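Structure, as structure tokens:
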Amino acid sequence: MSTQHISRNILFLLCLSCSSWLSGCKDKLELPNQPVDSYNRVYMPQAVNNPISKTLKITDSVQTLIYGANFGGQGYPGADIPVSFTINKAAADSFNVANKTNYPVLPDGSYTLSAPSSVIPKGRLSTSPLTISIKTNGAGAMDALKTYLLAVSITSVTVKLNPTLRTTFYLVTAQPDFNDYPVYDRSNWQVIGFSSQEANGEGTDNGRAIFALDGSTSTFWHTQWSGASPGPPHYLTIDMGEVKTLHGLSFVGRQSDGGGKPNDVSVQTSLDNVTWTDAGAFNLQNNKDLQKQFLPGGFKSARYFKVIINSAYNATYTQIAELNAF
């Protein structure tokens, strides 16, 4: 038998096999029943970008965030779809656990929802935009410089719900502007406590604690170095003479290039000079410039405040040319 004849037989058998296989598969091919309605879901469009971080201004005006619900799938709803919303504190707790965070929940009195429910109208794909109104100033406002967590969830709907997009997480911070807070008049201020002061070695018009309040950057408070040199923490305690809202402090370092300028600083506040509240900690830069710092723990009502210098740059002593509050 010739080689050409053998090749024709092989080709014939291959074609026959393919034909039989195709006809067999055609008889058994079945697609699952997949109704279009199974793809239709209601969800919160804001949840697509979870979490939503929002920085608000400190102002008397109410500021808003947006929430709502959308219909996703094929076509448009054939009937109105009622949707209900709620503040979901349990979801906020789960968010903190999952993300290893510890954001406090936005306080109840600092916000309101424009509506607990809405409707996706027949033939439309979304509710009208709803708003969360947030107070950043005045009674019941959120604390400044503190990041809060708010979770808003869809609780009920008449069609299927997308479980992964049913909750929107908002991270909200109220950020003040230094220009909105002028420094306080210090004419009635008194230094009522200090860790130490250099009463002799800097001359008669320098070194003592009172020179941090004299309005001159040429003088300064310096912790003791003559006869003894106590290490940190160093502190000054100030009586402002009346209760004020303490938003923050400002510092001017000694106008020299040596060591001793404050680095790690913490602040405490008090109404009576007996009970003290931590107002937060921050770091100052190693320079001679005016440096302003908001209280990291939020604004405090106080008559007294204590500045505690836990460490200084390149020295165990410390010094401050000017100390003020706003």
Side-chain angles (χ1 to χ4, degrees), residues 41-58 63-70 72 83-113 116 130-137 140-157 160-177 232-233 247-249 262-269 276-285 291-300 308-311:
R41 295 285 191 275
V42 169
Y43 66 98
M44 294 190 74
Q46 297 80 16
V48 173
N49 297 313
N50 272 331
I52 296 175
S53 296
K54 186 72 173 180
T55 300
L56 306 176
K57 296 180 179 179
I58 304 293
Q63 296 165 82
T64 58
L65 305 174
I66 301 297
Y67 69 101
N70 279 15
V83 185
S84 297
F85 303 90
T86 190
I87 301 299
N88 193 337
K89 294 183 178 180
D93 292 339
S94 298
F95 178 95
N96 277 326
V97 171
N99 293 279
K100 297 181 173 59
T101 54
N102 193 32
Y103 295 115
V105 173
L106 194 64
D108 289 340
S110 66
Y111 67 90
T112 55
L113 299 185
L130 304 173
T131 58
I132 308 166
S133 299
I134 299 180
K135 293 178 62 176
T136 59
N137 200 22
M142 59 187 291
D143 287 343
L145 298 166
K146 191 173 184 179
T147 300
Y148 292 93
L149 176 61
L150 184 68
V152 180
S153 295
I154 297 174
T155 56
S156 65
V157 68
K160 291 183 178 180
L161 182 65
N162 184 331
T164 62
L165 296 175
R166 70 176 299 176
T167 301
T168 303
F169 297 98
Y170 301 90
L171 295 175
V172 187
T173 307
Q175 177 66 52
D177 186 334
H247 308 101
L249 303 176
N263 178 1
D264 178 16
V265 179
S266 55
V267 180
Q268 295 179 350
T269 63
W276 290 86
T277 300
D278 287 331
F282 47 81
N283 291 91
L284 296 176
Q285 297 180 9
Q291 299 185 56
K292 294 183 177 182
Q293 291 283 339
F294 287 109
L295 297 183
F299 301 163
K300 304 295 182 184
I308 304 167
I309 301 170
N310 301 298
S311 69

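Only a predicted model underlies this, so the values are computations on that prediction, with no experimental measurement involved. Numbers here are sequence positions counted from 1.
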Heavy atoms, side chains only, cut-off 4.5 Å: are Tyr111 and Leu106 in contact?
yes
Go through Thr86 and Asn88 one step at a time and tell me if the side-chain hydrogen bond (donor to acceptor under 3.5 Å, both in side chains) criterion holds.
CA-CA 6 Å; Thr86 190; Asn88 193 337; over 6 Å; no
For Pro233, which residues count as a side chain to side chain contact (heavy atoms under 4.5 Å, CB included) partner, sequence neighbours excluded?
Ile308, Asn310
Check whether Arg166 reaches the backbone of Ile154 with its side chain - one donor and one acceptor, N or O, closer than 3.5 Å.
yes
Side chains of Asn263 and Asn283 only: does a donor on one sit below 3.5 Å from an acceptor on the other?
yes
Polar side-chain atom of Asn50 near backbone of Ala47 as donor-acceptor pair, under 3.5 Å
yes
Side-chain heavy atoms of Met44 within contact of Thr167, under 4.5 Å:
no
Sorted by chain and number, sequence neighbours left out, side chain to side chain contact (heavy atoms under 4.5 Å, CB included) with Ala144 holds for Ile58, Pro176, Phe299
Using the rule given for side-chain hydrogen bond (donor to acceptor under 3.5 Å, both in side chains), can you reason through Thr269 versus Thr277, listing the C-alpha separation, both sets of side-chain angles and the distance that settles it, and then say yes or no?
CA-CA 5 Å; Thr269 63; Thr277 300; 4.7 Å; no
Check whether any side-chain heavy atom of Val267 sits under 4.5 Å from a side-chain heavy atom of Leu295, and report yes or no.
yes
Mind checking whether Thr164 and Tyr43 have side chains closer than 4.5 Å, heavy atoms only?
no
Closest non-hydrogen contact found for Ile66 with Tyr170 is O-OH, 2.7 Å
Any heavy-atom pair between the side chains of Pro296 and Leu145 that's under 4.5 Å?
no
Does some side-chain heavy atom of Gln175 sit less than 4.5 Å from a side-chain heavy atom of Leu56?
no
Measure across Ser110 and Ala141 and return the closest heavy-atom pair with its distance rounded to 0.1 Å.
CB-C, 4.1 Å
Check whether any side-chain heavy atom of Leu113 sits under 4.5 Å from a side-chain heavy atom of Ile132, and report yes or no.
yes
Between Ala151 and Ala92, which heavy-atom pair has the shortest distance, and what is it?
CB-N, 4.0 Å
Would you call Thr64 and Ile134 a side-chain contact if the rule is heavy atoms closer than 4.5 Å?
no
Where do Tyr148 and Met142 come nearest, in terms of heavy atoms and distance?
CD1-CE, 3.5 Å
Check the pair Lys89, Asp108 against side chain to side chain contact (heavy atoms under 4.5 Å, CB included), reporting the backbone distance first and the verdict last.
CA-CA 11 Å; Lys89 294 183 178 180; Asp108 289 340; 3.1 Å; yes
Where does the angle between the aromatic ring planes of Tyr103 and Phe95 fall among parallel (under 30°), tilted (30 to 60°) and perpendicular (over 60°)?
tilted
So does Lys57 have more than 12 non-hydrogen atoms from other groups sitting under 6.0 Å from NZ?
no
